[in-house]
Visitor: 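Take a look at this one; I'll ask things after.
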Amino acid sequence: MRLILLGPPGAGKGTQAQRIAELYRIPQLSTGDMLRSAVKNETAIGLAAKSMMEQGGLVGDDIVVGCIRERLRDEDTAKGFILDGFPRTEKQAIALDDLMDHDGISLTAVIEILVDEELLLGRIAKRASDAEQRGETPRSDDNPEAMRKRLAAFHETNSAVVQHYAGRDQLFSVDGMAGVRDVTNAITRGLSARETCPRNP
Ligand code: AMP
């Protein structure tokens, strides 16, 4: 099962990717998590990505494609994976096609989470206050200003990514405004339909 989860910041990609990863026993590959860990560990990638992430802009394609290329070499991804937050640009989508072609593998599904964006700022504020209540430091980009930039970045590049997959059998969308479990169920239903399709083993 090789999956991509698309959707704006705050749409629930991380939550759903984690649930789907557990259900299908595949690793969740989140470029956001990889970059945050690089920033925390002050690696060269982290130092290059830090300020762009804090501002809510997109980190360079070469950096994130490099992260995914490395991660796909790990053995645990051989049985499948769910990509969360990647690809975010058409260039990344093309690079992913190339990486997968090179390995002789193909995507099972591309899932687009659709949400009412008016409600996203509220969701992000809640994510920040939930983290504070747990005694954790909220993400440095979970604030209204960075969120507006993250949404703008999403709109600048997402339609080209969706367009890249449009017309392929793999692409389907789910209503991200439903409850967490209902969204997961909609995703698993969409996946079962595709698993029975001989063209998408
Ligand atoms: P996320 O956790 O997916 O919301 O990502 C947090 C931040 O990491 C984004 O706002 C970007 O600055 C950066 N980032 C994550 N994934 C990508 C990507 N595929 N391309 C460019 N920047 C990314």
Side-chain angles (χ1 to χ4, degrees), residues 2-21 27-72 77 81-100 107 110-115 117 119-131 136-165 176 183:
R2 297 181 196 92
L3 310 172
I4 292 177
L5 208 47
L6 300 176
K13 290 192 301 295
T15 304
Q16 292 302 329
Q18 202 178 343
R19 291 169 66 86
I20 296 296
Q28 170 190 2
L29 310 189
S30 154
T31 40
D33 285 349
M34 291 174 200
L35 292 168
R36 275 185 289 280
S37 140
V39 169
K40 198 169 158 206
N41 295 319
E42 298 182 341
T43 66
I45 286 180
L47 294 175
K50 189 171 190 264
S51 81
M52 195 45 104
M53 289 176 77
E54 278 172 356
Q55 289 167 40
L58 289 185
V59 172
D61 289 326
D62 292 345
I63 292 182
V64 282
V65 168
C67 292
I68 290 295
R69 184 187 296 115
E70 286 293 307
R71 191 63 183 87
L72 289 181
T77 62
F81 50 79
I82 178 159
L83 288 164
D84 154 16
F86 181 93
R88 261 179 161 93
T89 65
E90 191 181 11
K91 222 172 148 192
Q92 293 175 20
I94 293 169
L96 179 64
D97 282 347
D98 290 345
L99 284 175
M100 294 184 75
L107 285 169
V110 180
I111 305 144
E112 193 185 8
I113 304 185
L114 302 176
V115 288
E117 290 189 17
L119 302 177
L120 288 182
L121 279 174
R123 273 197 185 185
I124 291 287
K126 185 171 182 310
R127 182 158 78 186
S129 76
D130 285 352
E136 296 166 9
T137 313
R139 279 173 51 166
S140 58
D141 58 355
D142 270 353
N143 61 72
E145 198 191 332
M147 180 60 186
R148 266 187 279 278
K149 287 201 185 138
R150 286 159 67 196
L151 267 177
F154 171 79
H155 284 300
E156 230 168 77
T157 59
N158 181 63
S159 58
V161 176
V162 172
Q163 205 52 45
H164 183 82
Y165 296 110
V183 178

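Order of appearance sets the numbers: ligands from 1, and atoms from 1 within every ligand.
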Visitor: Using modelled atom types only, decide if a donor and an acceptor are shared between the side chain of T31 and the backbone of G85 within a distance under 3.5 Å.
Guide: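 A pair under 3.5 Å: yes.
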Visitor: Checking side-chain contact (heavy atoms from CB on, under 4.5 Å) against K13, which of I82, D84, L83 comes through?
Guide: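 Single pass found, and it is D84.
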Visitor: Main chain of L72, side chain of T77: is a donor-acceptor contact present, judged purely on distance under 3.5 Å?
Guide: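 It does hold such a pair.
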Visitor: Do the charged groups of D33 and R36 touch, with an N to O distance under 4.0 Å?
Guide: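 Yes, this pair counts.
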Visitor: List by chain and number: which residues place a heavy atom under 4.0 Å from ligand 1?
Guide: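 Within 4.0 Å of ligand 1, protein side: T31, G32, L35, R36, M53, G57, L58, V59, V64, G85, F86, R88, Q92, R139, D141, R150.
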Visitor: Going by salt bridge (charged side-chain N to carboxylate O under 4.0 Å, His left out), name the pairs with one or both residues in residues 150-160, residues two or more places apart or in two chains.
Guide: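 Sorted pair list: D141-R150, D142-R150.
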Visitor: If only side-chain N and O atoms count, and only distance matters, is there a donor-acceptor pair under 3.5 Å linking H155 with E117?
Guide: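 Distance-only check passes for E117 and H155.
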